[in-house]
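Computation of the quantities below employed the complete heavy-atom set of this structure, encompassing side-chain atoms and omitting hydrogens, waters and symmetry-equivalent molecules.
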Amino acid sequence: MINSCKKQLINKDQLKSKLQKTTQAVAWAALSIFGFIGLSACSSKIATVSDTKYIPEFQQAYFSKGVDEISPDKLSLYVDYSKCISLGQNSPFFQALVPSWTDATRKYYSIKGNRIEQHQPDSTFLLLRNIEETNYADLKTAAERMANENNESVLLTDGEYFQPSIAKGNINNPYMAGALKAWLKKGHDIYILSEPYVEPYNGQTFNKKRFYILFTDCRLKGNIYERIMQTINLKQFPQVEMFHLSADHPQLLSKNAQTTEPNQQLNAKVSSNENGYEVQDWEIDWENGIEPLIVNAVNPNTGQPLPDGEAFISGWKLDRESFGGYRITGVSAKVYNINQEYSDFYNAKDAKQKPEAKIDPVECEYFVKVDPKEFNEHGKIDLHFDTQNYNPDPVLNGSPFNYFKIDICVSKVEPLFEKYKHIFTFDSIDMPGNKNVSVAASVEQCLTDPDIKAMISSCPIYTIYVKTNER
């Protein structure tokens with residue numbers, strides 16, 4: 001009997017021991033599973049770098065275009081050897097520009113019929129004063145050569161493209177459209193100065209235009225347009241009209257150059273740049289600062305939530321006609337998470353390694369938007385967080401910092417060229433009583449080109465790089 005009881009006690013102790021071991025095993029297994037899940041959750045954060053020192057190189061490597069393709073201080077001057085240029089000797093405006101051409105020209109070309117001849121550039125002044133009139137000019141080829149160069153160029157002409165094989169057939173020929181498109185598709189600028197003058201021919205007088213057509217880029221320091229505007233005052237020549245063509249880099253009209261005005265509650269440090277972007281370092285936390293004070297801001301008088309919170313960046317006004325042929329009627333904000341891309345670039349630079357040649361950062365919706373009312377009524381660009389659809393997680397997945405890029409882009413335009421068409425229209429000499437609209441048709445065809453319209457309709461206006469704390 002006693003032995004039987006002892007066996008039962010031993011069996012109970014063994015069972016208890018087994019249960020304890022089983023419980024411990026289950027507990028360890030659970031701990032391992034949840035620990036792994038927690039570790040996975042933590043590892044979903046992207047490890048980010050500590051500062052913005054490589055942002056200028058990052059921008060240059062992946063998002064800058066256009067201006068670097070132009071060789072500075074290598075201007076080519078193409079001169080139409082027609083009566084309009086010889087009569088320019090009597091034009092105060094023409095003479096006011098001669099010093100600029102003389103100083104800037106590195107290659108001088110005369111257009112005489114179908115011959116385009118190069119001359120010594122150090123003779124520019126004398127060449128412009130001794131124009132031998134030629135009956136017609138191959139302006140189409142000259143313009144195409146200008147568009148294919150990788151430097152600035154200028155064409156002085158009356159715009160009459162005449163071919164011996166086509167009698168009286170070019171008054172509405174858009175012969176220059178291809179060249180205009182080619183230059184704009186590179187992201188550059190074209191300025192056209194139009195000067196009216198009277199030309200006698202076969203006992204009649206014709207109201208003509210003398211065109212000064214500049215292929216340049218307004219972002220190039222010391223560009224030819226900038227240089228001539230520093231030497232003449234267009235207000236002194238009210239008869240002269242200017243038209244600017246561009247499909248890229250529309251101009252901001254900001255009281256602080258191109259620096260924005262961040263909401264004071266961001267405690268932002270701003271580094272401005274002349275190349276269409278800036279860097280902001282926000283020193284306030286998200287959950288204790290940005291989100292309650294800006295994203296979910298309330299009306300201070302009523303305590304009611306503001307539908308779109310407070311603007312977190314303002315201070316811009318846009319030159320809505322800076323494309324020339326189109327008026328900008330809508331803008332949008334696109335946000336890109338660059339936590340991984342910038343950190344990889346930063347680490348490669350620090351390690352003196354070559355960064356990735358191309359990147360494709362993810363666009364994140366429902367985070368930032370433009371105030372449409374302010375833009376439509378005042379032309380102002382105010383940025384708000386998208387309070388009503390707020391989704392910060394795809395953007396703010398970095399640790400210990402977050403980096404994102406905001407592109408302000410054109411989203412809608414309307415045609416504007418009709419009111420400028422008269423600048424390019426003049427009396428036809430070879431078809432008296434008719435108007436020559438070939439230059440106007442060239443500009444119009446350029447502006448209606450699908451590729452040009454696509455460039456304009458999605459063109460970035462300005463970029464803001466933002467560094468913030470972890471959320």
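One distance of note links CD of Glu444 with CG of Asp449; it measures 13.0 Å at 0.5 Å rounding. Between Tyr342 atom OH and Asn347 atom CG the span is 9.5 Å, to the nearest 0.5 Å. Taken to the nearest 0.5 Å, the OG1 atom of Thr102 stands 6.0 Å off from the CG atom of Leu128. In this structure, CD on Glu57 lies 11.5 Å from OG on Ser64, to the nearest 0.5 angstrom.
A distance-only check finds no donor-acceptor pair linking the side chain of His384 to the backbone of Val370 [under 3.5 Å]. For Asp189 (side chain) and Cys218 (main-chain N/O), a donor-acceptor pair under 3.5 Å exists by modelled atom type. Using modelled atom types, no side-chain atom of Ser110 and backbone atom of Lys112 make a donor-acceptor pair closer than 3.5 Å. Side-chain N or O atoms of Ser343 include none that pairs as donor or acceptor with a backbone N or O of Gln340 at under 3.5 Å. At distances below 3.5 Å, at least one donor-acceptor pair connects side-chain atoms of Asn339 with backbone N or O atoms of Tyr403. A donor-acceptor pair under 3.5 Å links the side-chain atoms of Gln251 to the main chain of His249, judged by distance alone. The backbone N or O of Tyr109 lies less than 3.5 Å from no partner atom in the side chain of His119, so there is not a single donor-acceptor pair. Between the Ser411 side chain and the Gly330 main chain, a donor and an acceptor come within less than 3.5 Å of each other. No donor-acceptor distance shorter than 3.5 angstrom exists from the side chain of Asn151 to the backbone of Ile70, with no hydrogens or angles considered. Thr157 contributes no side-chain N or O that, together with a main-chain N or O of Asp80, makes up a donor-acceptor pair within less than 3.5 Å.
Aromatic rings from Tyr390 and Tyr366 are positioned such that their centres are separated by 6.0 Å or more. Proximity of the aromatic rings of Phe345 and Tyr62 is defined here by a centroid distance below 6.0 angstrom, and this criterion is met. Taking the six-membered ring where the residue is Trp, the centroids of Phe404 and Phe367 are separated by under 6.0 Å. Two rings, from Phe312 and Trp282, have their centers less than 6.0 Å apart. Aromatic rings of Phe93 and Tyr212 (six-membered ring for Trp) have centroids within the 6.0 Å cut-off, being under it.
Using a 4.0 Å cut-off between a side-chain N of Lys or Arg and a carboxylate O of Asp or Glu, Asp217 and Arg219 qualify as a salt bridge. Under a 4.0 Å N-O distance rule, the pair Asp451/Lys185 qualifies as a salt bridge. In this structure, Glu199 does not pair ionically with Lys83, as no charged nitrogen and carboxylate oxygen lie closer than 4.0 Å. A salt bridge is absent between Glu152 and Lys74: the closest approach of a Lys/Arg side-chain nitrogen to an acidic carboxylate oxygen does not fall below 4.0 angstrom. Look at Arg145 and Glu149 and you find no salt bridge, because none of the NZ, NE, NH1 or NH2 atoms lies under 4.0 Å from a carboxylate O. Remark: Lys209 does not engage Asp158 in a salt bridge, criterion side-chain N to carboxylate O under 4.0 Å. Using a cut-off of 4.0 Å between Lys/Arg side-chain N and Asp/Glu carboxylate O, Lys53 and Asp350 are scored as salt-bridged.
In this model, no donor atom of one side chain and acceptor atom of the other lie less than 3.5 Å apart for Thr329 and Glu414. Glu278 and Tyr465 are not linked by any side-chain donor-acceptor pair at a separation below 3.5 angstrom, with hydrogens and angles left out of the test. Under the 3.5 Å distance criterion, with hydrogens and angles disregarded, no donor-acceptor pair is assigned to the side chains of Glu283 and Thr468. Residues Asn90 and Tyr197 bring no donor and acceptor atom of their side chains to less than 3.5 Å of each other. A donor-acceptor contact closer than 3.5 angstrom is absent between the side chains of Gln204 and Asn202.
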Hey, mind stepping through Asp248 and Ser246 against side-chain hydrogen bond (donor to acceptor under 3.5 Å, both in side chains) and telling me if it holds? CA-CA 6 Å; Asp248 198 73; Ser246 176; over 6 Å; no

Go through it in stages, so that I can follow the logic: the residues are Lys405 and Asp407, the test is salt bridge (Lys or Arg N to Asp or Glu O under 4.0 Å), and I'd like the CA-CA distance, side-chain angles, deciding distance and then a yes or no. CA-CA 7 Å; Lys405 173 177 177 277; Asp407 285 342; 2.7 Å; yes

Could you check Glu195 against Phe237 for side chain to side chain contact (heavy atoms under 4.5 Å, CB included), going step by step and ending with a plain yes or no? CA-CA 9 Å; Glu195 179 194 10; Phe237 305 97; over 6 Å; no

In sequence, state the C-alpha distance, the side-chain angles, and the governing distance for Phe63 and Tyr277, and then conclude on side chain to side chain contact (heavy atoms under 4.5 Å, CB included). CA-CA 10 Å; Phe63 303 107; Tyr277 76 95; over 6 Å; no

Go through Tyr346 and Phe58 one step at a time and tell me if the side chain to side chain contact (heavy atoms under 4.5 Å, CB included) criterion holds. CA-CA 8 Å; Tyr346 186 109; Phe58 184 80; over 6 Å; no

Set out, in order, the CA-CA distance, both residues' side-chain angles and the distance that settles side chain to side chain contact (heavy atoms under 4.5 Å, CB included) for Glu226 and Lys221, then state yes or no. CA-CA 8 Å; Glu226 183 181 282; Lys221 290 185 178 179; 5.5 Å; no

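No more than 12 heavy atoms of other residues, nucleotides or ligands sit less than 6.0 Å from atom CZ of Arg129. Within 6.0 Å of atom CD in Glu356, 12 or fewer heavy atoms from other residues, nucleotides or ligands are found, so the atom counts as exposed in its surroundings. Counting non-hydrogen atoms of neighbouring residues, nucleotides and ligands closer than 6.0 angstrom, the NZ atom of Lys140 reaches no more than 12 such neighbours. Atom CD of Gln239 is surrounded by more than 12 heavy atoms from other residues, nucleotides or ligands within 6.0 Å. Dense packing is recorded around NZ of Lys435, with more than 12 heavy atoms of other residues, nucleotides or ligands lying under 6.0 Å away. Around atom CD of Glu132, no more than 12 heavy atoms belonging to other residues, nucleotides or ligands sit under 6.0 Å away. Other residues, nucleotides and ligands place more than 12 heavy atoms under 6.0 Å from the CG atom of Asn150.
A 4.5 Å side-chain heavy-atom check between Glu133 and Ser82 finds every atom pair outside the cut-off. Side-chain contact check for Gln280 versus Thr260: some heavy-atom pair is nearer than 4.5 Å. Counting heavy atoms from C-beta outward, Val443 and Leu180 have side chains that approach closer than 4.5 Å.
Judged by the 6.0 Å distance and 45° axis criteria, Lys186 is not positioned over the aromatic ring of Phe215. A cation-pi geometry, defined here as NZ or CZ lying under 6.0 Å from the six-membered ring centre and within 45° of its normal, does not hold between Arg320 and Tyr326. In this structure, Lys467 satisfies the cation-pi test against Phe401, with its NZ or CZ atom closer than 6.0 Å to the six-membered ring centre and inside 45 degrees of the ring normal.
Met242 pairs in a side-chain contact (heavy atoms from CB on, under 4.5 Å) with only one of the listed residues (Leu214, Ile192, Ile423, Leu193), which is Leu193.
Shortest non-hydrogen contact noted between Asn263 and Ala311 is ND2-O, 3.0 Å.
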